[in-house]
2 protein chains.
Amino acid sequence: MKAAPQGTARRAEIVAAAARLFDERGYHATSMDDIAAAVGIKKPTLYHHVQSKTQIVIWIHDELVHDLTDRLEQRVADKLPRAEILLRVMDDILGLLETRPGHLRVYFEHHREIPGEEGRVAREMRDRYTETVRQLIEEGAAAGEFRVENPGLTTFAFFGMCNWAYQWYRPGGPLTHQVIARYFWQIFMSGIATGPEVLEGHADRLDV
Amino acid sequence: MKAAPQGTARRAEIVAAAARLFDERGYHATSMDDIAAAVGIKKPTLYHHVQSKTQIVIWIHDELVHDLTDRLEQRVADKLPRAEILLRVMDDILGLLETRPGHLRVYFEHHREIPGEEGRVAREMRDRYTETVRQLIEEGAAAGEFRVENPGLTTFAFFGMCNWAYQWYRPGGPLTHQVIARYFWQIFMSGIATGPEVLEGHADRLDV
DNA sequence: CAACACCGACCGACCGGACGGTCGTGTCGT
DNA sequence: ACGACACGACCGTCCGGTCGGTCGGTGTTG
């Protein structure tokens, strides 16, 4: 049971500061003292607002996963074209790198640190998100929109493109997340080969 | 009575065990005691073979980056078709998930823990690898093989697909890394859309 | 072939420091 | 006078790393 959303401003501040520090220095290289200092308070005061370090990770994780899930399910409910939903999913994820800096790294690299029941729930939420996209792709294939042999693998390729961005994307660059999302979506939809002749010949023997 | 493996063998054993533990439990959740136990020795003996925990990370990192770089540059020197080199790069990376389990996670998530000069060199090696692929893509574009507006972004999309695999791929599944590499390469080259009509209409207003 | 020096692999016990977390207390605004 | 917010001082633990020493094998020397 959690306290009712009371010190919401402080809490948001703490989550944002922690996520940024975790992103920059790494989770284990960031002490509770560091987080407190970043918010302008001392450690015991930080513990007045927060139960544990793990709880901050859980907050970061939950904020992200709810944000993403809400948007995705709204679009599915609105019955947007499948290809467009995929485009927007990419944009959602890339956009988070600007609106919630640091959150994605925690989400991808530290979700395993959430123990017990809360960890189970957290991982369930991510699976649900992935599964929704997988179904979208599968339905698109059944409808003849997509050429998909293995929906699971295709989903992994899809998420790989945009999820990987947390490793290199930094806000403030020349390209907005909207532009990047559109670009990746184009590749995912149409590929980069100019013609079939580019693909011929080298299909065999990957073993050597 | 059992003949203790000597010198380099021990070192390889340590690197392999450490990488596997780092992958399973996380780097910071794995103590030097754990690593020692996994090799069947005690901590002081481990330190007889190893300078520091950081050094193990460096070893893991270097093994991987040299392995990848050697293969890639050999293929460039052999003047294989560019599309085929890309296919093989994907297969190299996916293959490492089997031949060097755990190494990729350390490579991606903990390279920032290598400090000072050695960290600089390590990061230079990765950049060189990425840059080689980027040039390959750029040349392919100039040669009319690939349709590429932004080679840098295209490279990120390419690596995203295969690098992300360390998050979900587990050896022993129904699909070999060769099959997955081919599959991802197909998507990267040709996309999944069955026709241009799938792409039309939803190109504007990503802002909302 | 003994006596001895040397050496690499090995380990029990220990150190120093960092870090997550707590306690008791003070200080406001209401 | 009460709760929310703040803090200095402190605790227990864990962990990277070290110290001093044992053991067994391998020359080397008379």
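Letters A, B, ... mirror the listed sequences (proteins, then strands); counts begin at 1. These numbers were taken from a predicted model, which means no experiment stands behind them.
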For B/Pro101, the option from B/Glu24, B/Arg20, B/Arg170 that meets side chain to side chain contact (heavy atoms under 4.5 Å, CB included)
B/Arg20
C/dC11 phosphate, OP1 or OP2: any side-chain N/O from B/Thr45 under 4.0 angstrom?
yes
If you look at every strand shown and take non-hydrogen atoms under 4.0 Å, does B/Ser31 touch a base, only sugar-phosphate, or nothing?
sugar-phosphate
Please list, chain by chain and in numerical order, all residues satisfying salt bridge (Lys or Arg N to Asp or Glu O under 4.0 Å) with A/Arg147, sequence neighbours excluded.
none
Aromatic plane relationship, B/Tyr107 with B/His61 - under 30° parallel, 30 to 60° tilted, over 60° perpendicular
tilted
B/Lys42 NZ to D/dG16 C1', straight-line distance once rounded to whole Å:
17 Å
Give every pair of a protein N or O atom and an N or O atom of nucleotides 17-21 of chain D that lie under 3.5 Å apart, one pair per line with the distance.
from, atom 1, to, atom 2, distance (Å)
D/dG17, OP2, B/Tyr47, OH, 2.7
D/dG17, OP2, B/Lys53, N, 2.9
D/dG17, O5', B/Tyr47, OH, 3.3
D/dG17, N7, B/Lys43, NZ, 2.9
D/dG17, O6, B/Lys43, NZ, 2.6

Within less than 4.0 Å of OP1 or OP2 of D/dA4, is there a side-chain N or O belonging to A/His49?
no
Residues 131-138 of chain B side chain polar contacts: donor-acceptor under 3.5 Å, at least two apart:
from, atom 1, to, atom 2, distance (Å)
B/Glu131, OE1, B/Arg134, NE, 3.2
B/Glu131, OE2, B/Arg134, NH2, 3.4
B/Glu131, OE2, B/Gln135, NE2, 3.3
B/Thr132, OG1, B/Arg128, O, 2.8
B/Arg134, NH1, B/Glu138, OE1, 3.2
B/Arg134, NH2, B/Glu138, OE1, 3.1

Would you kindly give the CG-to-P distance between B/Asp33 and C/dC14, to the nearest whole Å?
16 Å
Roughly, in whole Å, what's the span from NE2 in A/His28 to P in C/dA18?
18 Å
Could you check if a side-chain atom of A/Arg10 sits within less than 4.5 angstrom of a side-chain atom of A/Val39, using non-hydrogen atoms only?
yes
Residues that A/Glu113 engages under salt bridge (Lys or Arg N to Asp or Glu O under 4.0 Å), provided they are two or more places apart
none
Inspect the surroundings of CZ in B/Arg123 and state if more than 12 heavy atoms from other residues, nucleotides or ligands are less than 6.0 Å away.
yes
Do B/Glu109 and B/Tyr27 have a side chain donor and acceptor closer than 3.5 Å?
no
So, does A/Arg11 get its side chain near the phosphate of D/dC5, meaning an N or O under 4.0 Å from OP1 or OP2?
no
Have A/Asp70 and A/Gln74 got a donor and an acceptor in their side chains that come within less than 3.5 Å?
no
Kindly calculate the angle separating the two end axes of the helix from C/dC1-D/dG30 to C/dT30-D/dA1, each obtained from five base pairs, and round it to 10 degrees.
10°
Testing the 3.5 Å rule here: is there a donor-acceptor pair between the side chains of B/Thr130 and B/Asp127?
no
Do B/Asp67 and B/Arg71 meet the salt-bridge criterion of a basic N to acidic O distance under 4.0 Å?
yes
Taking OP1 and OP2 of C/dA9, is either one under 4.0 Å from a side-chain nitrogen or oxygen of B/His48?
yes
Please report, rounded to the nearest Å, how far the P atom of C/dA18 is from the CG atom of A/Asp34.
12 Å
Check the interface with nucleotides 26-30 of chain C: list each N/O to N/O pair with the protein under 3.5 Å, or write none.
none

